[in-house]
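Note sheet for the following structure.
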There are 2 protein chains.
Amino acid sequence: MVLTMPSQTKPGEPKSVAVRPPDSREKILEVAEGLFAYGGYAGVGMRQLAATVGLSKSSLFHHFPTKRELYAAMLDRVLSRIAAALDAVSDHDAAPAVRLEEWIDGVVRMLSEDMPAGRLMMRALVDEEPFPAVRLTADAQSDRELMPFEVRLAGIVDRFRALLEEGIAEGVFRPVSIGDSILSVIGAVVFHFSSGDFGEALIGDSIFSHAAVERRRREVSEFIRRGLQA
Amino acid sequence: MVLTMPSQTKPGEPKSVAVRPPDSREKILEVAEGLFAYGGYAGVGMRQLAATVGLSKSSLFHHFPTKRELYAAMLDRVLSRIAAALDAVSDHDAAPAVRLEEWIDGVVRMLSEDMPAGRLMMRALVDEEPFPAVRLTADAQSDRELMPFEVRLAGIVDRFRALLEEGIAEGVFRPVSIGDSILSVIGAVVFHFSSGDFGEALIGDSIFSHAAVERRRREVSEFIRRGLQA
DNA sequence: GTCTATAGTGAGATAGAC
DNA sequence: GTCTATCTCACTATAGAC
C-alpha cells in the first residue's frame with residue numbers, strides 16, 4: 001500500500017487553488033470532537049451534533065455518508081495532531097533518552113492544550129474495533145486521504161518502539177518488555193489527560209492547569225527515566 | 001459519614017437466613033458486565049441485555065427501576081471485587097514498599113482473571129459523572145447497601161494515598177506527587193487490562209494470557225519500584 | 001417474578017425541493 | 001450545500017395479565 005502525499009502542485013492542472021476551503025466539514029469535525037470526547041460514539045447523536053454545529057441533520061449526512069465515517073474522520077484528525085506534535089520535536093537525532101524525554105514533554109504539552117484529544121484517544125484505544133478500517137474519498141475529486149485508524153496509530157507506536165529498541169541496543173535502557181513499556185507510557189500520559197473529574201479530585205486541581213501540567217511533565221519524565229535506565 | 005458494615009447477625013431477628021437468594025438479579029448484573037464492558041453505557045440497550053440474559057425487557061425493569069441504576073449496581077459489584085482483591089493481600093503490616101508491590105500483584109492478578117473489570121473501571125473513570133450518586137434499597141427488606149461509586153472509589157484510592165504518604169514519611173519513597181503517582185499506577189495497571197486489541201497488537205499475545213500477565217506483573221512492579229525508590 | 005403489548009421518544013438515514 | 005419532511009427502527013420505560 002502506497003501512502004501518497006496529496007501531490008499538490010501538478011503542473012498543467014490549474015486547480016484554482018482552493019487554499020481556503022469553505023470549511024463546513026472542518027467545523028463539523030471540530031464540534032464533533034468536543035461532543036464525542038465527553039459522550040463517546042454511542043452517546044452522541046447526529047441530531048445533537050447537528051444542533052450544536054448549527055446545521056440540519058441532513059447537512060451532516062451530506063458531508064459524511066454515515067455516522068461512523070464522520071467519527072473516523074474526526075479520530076483521524078486527532079491522531080494527525082498527535083503525530084504532528086511528535087514530528088515537531090524529533091527532527092534531530094539526539095540520544096534515545098533525550099529524544100524520549102522530548103517526546104513525552106511534547107505529547108504532555110500537546111494533550112494539555114488540546115482537551116478533547118486525550119479523551120478521544122483513550123476511548124479509541126479502549127473501544128474494540130477502533131473505528132474503523134475506513135476507506136474514504138478514493139475518488140479523484142478530493143485530496144484528503146484518510147488513513148485507517150490502525151495504520152496511523154501503528155505509525156506513532158512504531159516510532160516509540162524503534163526508540164526503545166535503539167536505547168536497549170545501546171545499553172542505555174534496561175532490557176524492558178517493549179510492548180509493556182509502551183502501554184505503561186500511554187497509561188501514564190494519555191490516561192492522565194482523559195481522567196477528567198477523577199484526576200481533578202485526585203490532584204486537587206484541574207488536570208489542565210498550568211501548574212498541574214508542568215508537574216505532570218516532571219513526574220512522568222522522572223518515572224520513565226528511572227524505569228528505563230540501565 | 002459512618003460506613004457501617006451490613007450488621008449481619010443482629011440477635012433476636014431470625015431473618016430466615018436467605019443464604020441463597022434466587023439470583024435473577026445477580027445473573028442480570030453478570031451479563032451486564034460483559035456487555036457494558038465492550039459497548040459502554042450508551043452502546044448497550046436494555047433490549048439487548050434482556051435478550052442476552054434470557055429475560056424480557058420488563059423483567060429487567062422489575063429488578064432495576066432504570067437503566068442507570070442497573071449500571072450503577074453493576075459498577076458497584078465490580079468495584080467491590082477490586083476492593084476485595086486489595087483486602088486479600090493487605091492484612092499484615094509490612095513495609096510500604098512490600099505492601100505496595102503486593103497490592104499491585106494482587107490487582108494485576110485480579111484484573112487478569114476478571115476480564116470485564118478493567119474495561120469497566122476505565123470507562124467509569126473516563127466518563128464524567130461516574131454513574132451516579134445512586135441510592136438503592138434504603139428499605140429494610142434488603143441488606144444490600146450500594147455505595148455511591150465515588151465513595152467506594154475514594155476508599156480504594158485513599159488506601160493508596162496513605163501507603164504512599166507513609167513511605168514518603170519514612171524516607172523509603174522519594175517525595176513524589178501523590179495524586180500523579182496514583183494516576184500513573186492506575187494508568188499502568190488498569191489501562192493495560194482494558195486495552196484489548198490494541199494491547200494485544202502491541203505485545204503480540206493476548207493481554208490475558210498467563211505469560212503476558214506474569215510479565216506485566218514484573219514489568220509494572222519494577223517500573224513503580226524504581227519510580228518511587230528514594 | 002415473569003410475561004405480552006404498547007407508549008413515547010430519539011436514533012440513523014433518505015428524498016427531494018431550493 | 002442547505003433545508004424540511006419523512007422513513008424505519010431501537011431505545012427507555014410503563015401497564016397490566018398470569
Side-chain angles (χ1 to χ4, degrees), chain A residues 16 18-33 35-36 38-75 123 127 129 131-132 134-137 139 141-144, chain B residues 16 18 20-32 35-36 38-75 123 127 129 131-132 134-137 139 141-144:
Chain A
S16 76
V19 215
R20 214 60 167 82
D23 264 44
S24 251
R25 205 186 145 94
E26 291 301 308
K27 187 173 180 183
I28 291 170
L29 291 177
E30 196 180 316
V31 173
E33 282 190 23
L35 293 183
F36 284 128
Y38 285 86
Y41 177 78
V44 178
M46 295 294 267
R47 196 185 294 264
Q48 180 187 356
L49 174 56
T52 312
V53 176
L55 286 176
S56 79
K57 228 172 359 120
S58 306
S59 297
L60 261 50
F61 281 102
H62 172 75
H63 292 283
F64 303 94
T66 65
K67 184 189 182 186
R68 294 180 79 88
E69 297 216 25
L70 190 159
Y71 191 82
M74 178 222 65
L75 259 193
R123 288 194 188 280
D127 292 336
E129 180 202 4
F131 278 105
V134 104
R135 38 98 233 152
L136 194 51
T137 64
D139 50 82
Q141 199 73 342
S142 158
D143 275 357
R144 307 171 199 278
Chain B
S16 76
R20 213 62 168 80
D23 265 43
S24 253
R25 206 187 142 94
E26 290 301 306
K27 187 173 181 183
I28 291 170
L29 292 177
E30 197 180 316
V31 173
L35 292 183
F36 283 127
Y38 285 86
Y41 176 78
V44 178
M46 294 295 265
R47 194 186 295 263
Q48 180 188 355
L49 174 55
T52 312
V53 176
L55 286 176
S56 79
K57 231 178 350 127
S58 306
S59 297
L60 261 52
F61 281 102
H62 171 77
H63 292 283
F64 303 94
T66 66
K67 185 190 181 185
R68 293 179 79 87
E69 297 216 26
L70 191 161
Y71 191 81
M74 176 222 65
L75 259 193
R123 289 194 188 279
D127 292 335
E129 184 204 3
F131 279 106
V134 104
R135 38 95 233 157
L136 194 52
T137 64
D139 50 81
Q141 199 74 342
S142 159
D143 276 357
R144 308 170 199 280

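Every chain is numbered from 1, with letters handed out A, B, ... down the list of sequences. Small disclaimer: the values here were computed from a predicted structure and weren't measured.
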Protein N or O to nucleotides 15-17 of chain D N or O, pairs below 3.5 Å:
{"unit_1": "D/dA15", "atom_1": "N6", "unit_2": "B/Ser58", "atom_2": "OG", "d": "3.2"}

Between A/Leu60 and A/Phe64, is the side-chain contact (heavy atoms from CB on, under 4.5 Å) condition met? List the steps.
CA-CA 6 Å; A/Leu60 261 50; A/Phe64 303 94; 5.7 Å; no
Which of parallel (below 30°), tilted (30 to 60°) and perpendicular (above 60°) describes A/Tyr71 and A/Tyr41?
perpendicular
Evaluate the side-chain contact (heavy atoms from CB on, under 4.5 Å) criterion for residues B/Leu55 and B/Leu49: first the C-alpha distance (whole Å), next the side-chain angles of each, then the deciding distance (0.1 Å), finally the verdict.
CA-CA 9 Å; B/Leu55 286 176; B/Leu49 174 55; over 6 Å; no
For B/Thr66 and D/dT12, is the shortest distance between a side-chain N/O and OP1 or OP2 below 4.0 Å?
no
A/Ala32 and A/Leu70: which non-hydrogen atoms are nearest, and at how many Å?
CB-CD2, 3.9 Å
Can you tell me how far the [atom1] atom of [X] sits from the [atom2] atom of [Y], to the nearest 0.5 Å?
| X | Y | atom1 | atom2 | result |
| --- | --- | --- | --- | --- |
| B/His63 | B/Arg25 | NE2 | CZ | 8.5 Å |
| A/Leu29 | A/Leu75 | CG | CG | 10.5 Å |
| A/Ile28 | A/Met46 | CD1 | CE | 8.0 Å |

Nearest to the side chain of [X] - [options]?
| X | options | result |
| --- | --- | --- |
| B/Phe61 | D/dA13, C/dT14, C/dT2 | D/dA13 |
| B/Ser56 | C/dT2, C/dC3, D/dT2 | C/dC3 |
| A/His62 | D/dG1, D/dC3, C/dT2 | D/dG1 |
| A/His63 | D/dG1, D/dT12, C/dT2 | D/dG1 |

Starting at atom [atom1] of [X], determine the distance to atom [atom2] of [N], rounded to an integer number of angstrom.
| X | N | atom1 | atom2 | value |
| --- | --- | --- | --- | --- |
| B/Leu49 | D/dC11 | CG | C1' | 13 Å |
| B/Arg25 | C/dT2 | CZ | C1' | 17 Å |
| B/Leu60 | D/dT14 | CG | P | 13 Å |
| A/Phe64 | C/dT14 | CZ | P | 15 Å |

Taking only N/O atoms, report every protein-nucleotides 7-11 of chain C pair under 3.5 Å with atom names and distance.
{"unit_1": "C/dA11", "atom_1": "OP2", "unit_2": "A/Arg47", "atom_2": "NE", "d": "2.2"}
{"unit_1": "C/dA11", "atom_1": "N7", "unit_2": "A/Arg47", "atom_2": "NH2", "d": "2.7"}

Okay, side chain of B/Lys27, backbone of B/Gly54: is any donor-acceptor separation there less than 3.5 Å?
no
Look only at the side chain of A/Arg123 and the backbone of B/Arg123, and say whether a donor-acceptor pair between them is shorter than 3.5 Å.
no
